[in-house]
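Residue numbering restarts at 1 for every chain, and letters A, B, ... go by the order of the sequence lines.
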There are 4 protein chains.
Amino acid sequence: MARGRKINSNGERSKQLLLEKAVELFSEKGYHDTKISDIVKAANVTQPTFYLYFESKDSLYNDLNKRFQRGFDEIMSKHSEEVVKGIEGLVRMLKQKIKMLFVYILENPKLTKIGLFESEQSVVVKSQLTQQFISLIHLHDCEHLLQSYCVDINVAVDSFVGSLERLILTTLLEQKKLPCELANELIHLYFLISFSRSAPPL
Amino acid sequence: MARGRKINSNGERSKQLLLEKAVELFSEKGYHDTKISDIVKAANVTQPTFYLYFESKDSLYNDLNKRFQRGFDEIMSKHSEEVVKGIEGLVRMLKQKIKMLFVYILENPKLTKIGLFESEQSVVVKSQLTQQFISLIHLHDCEHLLQSYCVDINVAVDSFVGSLERLILTTLLEQKKLPCELANELIHLYFLISFSRSAPPL
Amino acid sequence: MARGRKINSNGERSKQLLLEKAVELFSEKGYHDTKISDIVKAANVTQPTFYLYFESKDSLYNDLNKRFQRGFDEIMSKHSEEVVKGIEGLVRMLKQKIKMLFVYILENPKLTKIGLFESEQSVVVKSQLTQQFISLIHLHDCEHLLQSYCVDINVAVDSFVGSLERLILTTLLEQKKLPCELANELIHLYFLISFSRSAPPL
Amino acid sequence: MARGRKINSNGERSKQLLLEKAVELFSEKGYHDTKISDIVKAANVTQPTFYLYFESKDSLYNDLNKRFQRGFDEIMSKHSEEVVKGIEGLVRMLKQKIKMLFVYILENPKLTKIGLFESEQSVVVKSQLTQQFISLIHLHDCEHLLQSYCVDINVAVDSFVGSLERLILTTLLEQKKLPCELANELIHLYFLISFSRSAPPL
DNA sequence: TATGAATGAGAATTCATTCAT
DNA sequence: AATGAATGAATTCTCATTCAT
């Protein structure tokens, strides 16, 4: 049977297709239950074609994770506004970042499943996220507030990251709420109730 | 080594050993990266011995999950005290249950990794947990409180479950806090600050 | 040997080769004593190559049986001449069919060993054959003849099938007689002696 | 748990039980699909007990075959009456032998399945049987009769053995006819019709 | 006499990857 | 750029058999 380049074929298109199908399958079935044969079948190419564009299954998976992290990090690391010290500034920045995060995630739901929930890299992503939140608190000089409420900052931030993670999974990715809505509710839950009062509890 | 029974061998011990090593390896490396050959090597027996005590890799893994869930469910489903309606009752019961959960988890850290973080069953466990918390809120007639604070009960509970999950992973299993301590802090974070005041915010 | 495609390799040839060797080995040693490793060794390929062309050992064996049965059924079910009622018509048709059967078998001796003697399917093949002979007798209105000779039709047909089976094994496949010769002798044995007389015995 | 001799246990009984269950299972499922574990489970003993009484699976199977053959040979080789030359003598002896064979088979149906239909030994049994029939024909000086009817003695005898084999399987073992009945019908089919006349066909 | 415990040897099957075209 | 054909290296699981008690 005929071999060689398919009519109308185009390298970039094949690569793109493989990438899409890979993301889809990895996100649905996980790394181990997604076989290269599944991916190429879905992309309607043959196995060697896969190796034309990707070094290995592993390296593709890593690429996908890095790709997710790049978008993620961008949002978390660049502060688009100037920093206003104090709780209000923190809340505003958090709200903004989380909204951006949620938008990004909704734009890349499958990549998110991989990069935030399934891969081993996700562990790193989440602990980085934790660190970044801690940094933000320090940046806004808000440690003392937590202390005055007798809340361990690490516990608070871990809790927050956990909430974020779970709400992304159960509510955002399930499209039960809009990014903006959900971000507001999460922030409300953590900040507005408690910190809307003027004084700390005795 | 010669065939047949080993000197001083004992079936229960072998099974126990295999079980322990399996839990250890599964929790460290996950289902797919733990080979039966790894387990039996660690237990210092041969592969057929594995099949003497377990039906298959899969069924062993399922057993482990069920075993974890049994303990988990027991804590969550049996209310050892009578139900006192209202926020104080809810907080007390939650605190108690979470402490018990934490104790159970610290007693079975590896099983927890498998059953709460790695397996596909863990998805079910967590959504059941969510349902159970929702039931508890209803049981104590506290929905209205959340409403008065403009908090969606589903968001609140998902958030709580996420916090719980993450704190178990980062703090409890890492032995950074004692069960009692961590439970108090988590409850404090979610309830005491906000609900210790008499009136809802305007 | 290096991985990848062999020089001058050709899929159809490989599949054909595997098929041939499989038929050969199955027919010689039976299903259980023929290992996939034997087949691929004989075909000079590796085990995965086997699975490139066949689903499993079992399905290959079934295919082989079906293949045998297809040829067999074709001969037995299609009547190439019109039906002439009476003993002469029956004898002529039987003779013709048995000759065709014998020719088919001599063309596929190994497949026959599998499909008529070794497999579990062979049981079905033979009882179908029995039914087909019974149908032929009815079709030619010859039941009464057997009755007049005090012969139970089932016994007669079973006996005939048994003779057929054994002669195929000991004489046809051993190439001691030609198909035509053997068919004539078998028919002679069963019909000509007895039915060449005009009247039934008293 | 307690080991050692079971209360009320008795070596002969265990061996007998194993033997029975082995015959049963081998006859139903064949050699390969009958596992030692199946046999001992059915006999309610453990695997090592099997090896107390039998050398190996293989040797047990061979024993079973030999046991079948002993009974078979006894019937075929000992002529209980004196030999009367001629076709009548042959028919009488054949009838008698076949009846005895049938009785033996009905008394040992499972052993027969193994020894006459399933095992590799069965091939030998049947070709010996063929030889024995040929000897009987010679012994009664009946070759010329077959010749006068233009029947090849080998074909005739193979045919007869095939009929015998198939009728045993489909009719005798299925208990559709009594041994005596079936033997008469078979002999009738092969001899009485044709040879009951005084003269050979022209 | 009988058993609990164990294993050597191998079986089928899978999968990522590679080579020749 | 793409494919047909092939394989190395596992991996799970089975089964007859054996040893120590």
**OP:** Just say parallel, tilted or perpendicular for the rings of D:F72 and D:Y104, cut-offs at 30° and 60°.
**Re:** perpendicular

Original post:
Rounded to the nearest Å, what distance is computed from the CG atom of residue B:L18 to the P atom of nucleotide F:dT12?
Top reply: 14 Å

**OP:** Compare side-chain N and O positions of D:K35 against OP1 and OP2 of F:dC15 and report whether any pair is under 4.0 Å apart.
**Re:** yes

Original post:
What is the distance, rounded to the nearest whole Å, between atom NZ of B:K6 and atom C1' of F:dT21?
Top reply: 16 Å

Subject >> Interatomic distance where CZ belongs to D:R13 and P belongs to E:dA2 [whole Å] >> reply: 10 Å

Original post:
In Å, rounded to the nearest 0.5 Å, how long is the span from CG of B:L173 to CG of B:L116?
Top reply: 8.5 Å

Original post:
Sub-3.5 Å donor-acceptor pair from the side chain of D:N65 to the main-chain atoms of D:N62, do we have one?
Top reply: no

Subject >> Whole angstrom value for the distance that separates C1' of F:dG4 from CG of C:N8 >> reply: 14 Å

Original post:
Which dot-bracket string describes DNA chain F (Watson-Crick N1-N3 plus N6-O4 or O6-N4, or G-U N1-O2 and O6-N3, all under 3.5 Å; [ ] crossing; | other strand)?
Top reply: .||||||||||||||||||||

**OP:** Give the rounded distance in Å between these two atoms: OH of B:Y31 and P of F:dT11.
**Re:** 13 Å

Original post:
Which of residues 37-61 of chain C sit near DNA chain E, with a heavy atom under 4.0 Å from it?
Top reply: C:Q47, C:P48, C:Y51, C:S56, C:K57

Original post:
side chain to side chain contact (heavy atoms under 4.5 Å, CB included) between D:D58 and D:Y31: does it pass, once the steps are laid out?
Top reply: CA-CA 9 Å; D:D58 215 68; D:Y31 181 80; 2.9 Å; yes

Original post:
With distance as the sole test, does B:N108 use its side chain to make a donor-acceptor pair with the main-chain N or O of B:L111 at under 3.5 Å?
Top reply: no

Original post:
If only atom types and distance count, is the side chain of D:T34 paired as donor or acceptor with the main-chain N or O of D:L25 below 3.5 Å?
Top reply: yes

Original post:
Only one of D:K66, D:K126, D:Q69 forms a side-chain hydrogen bond (donor to acceptor under 3.5 Å, both in side chains) with D:Q121, so which one is it?
Top reply: D:Q69

Original post:
Whole-Å distance between F:dA10 P and B:D33 CG?
Top reply: 14 Å

Original post:
Which residue, B:E28, B:E24, B:E20, forms the salt bridge (Lys or Arg N to Asp or Glu O under 4.0 Å) with B:K110?
Top reply: B:E24

Original post:
Under the side chain to side chain contact (heavy atoms under 4.5 Å, CB included) criterion, do D:L19 and D:R67 qualify, and how do the steps go?
Top reply: CA-CA 12 Å; D:L19 218 38; D:R67 188 178 294 220; 3.4 Å; yes

Subject >> Separation of atom CZ in C:R5 from atom P in F:dA6, rounded to whole Å >> reply: 7 Å

**OP:** Please report, rounded to the nearest Å, how far the P atom of E:dA20 is from the CD1 atom of C:I7.
**Re:** 6 Å

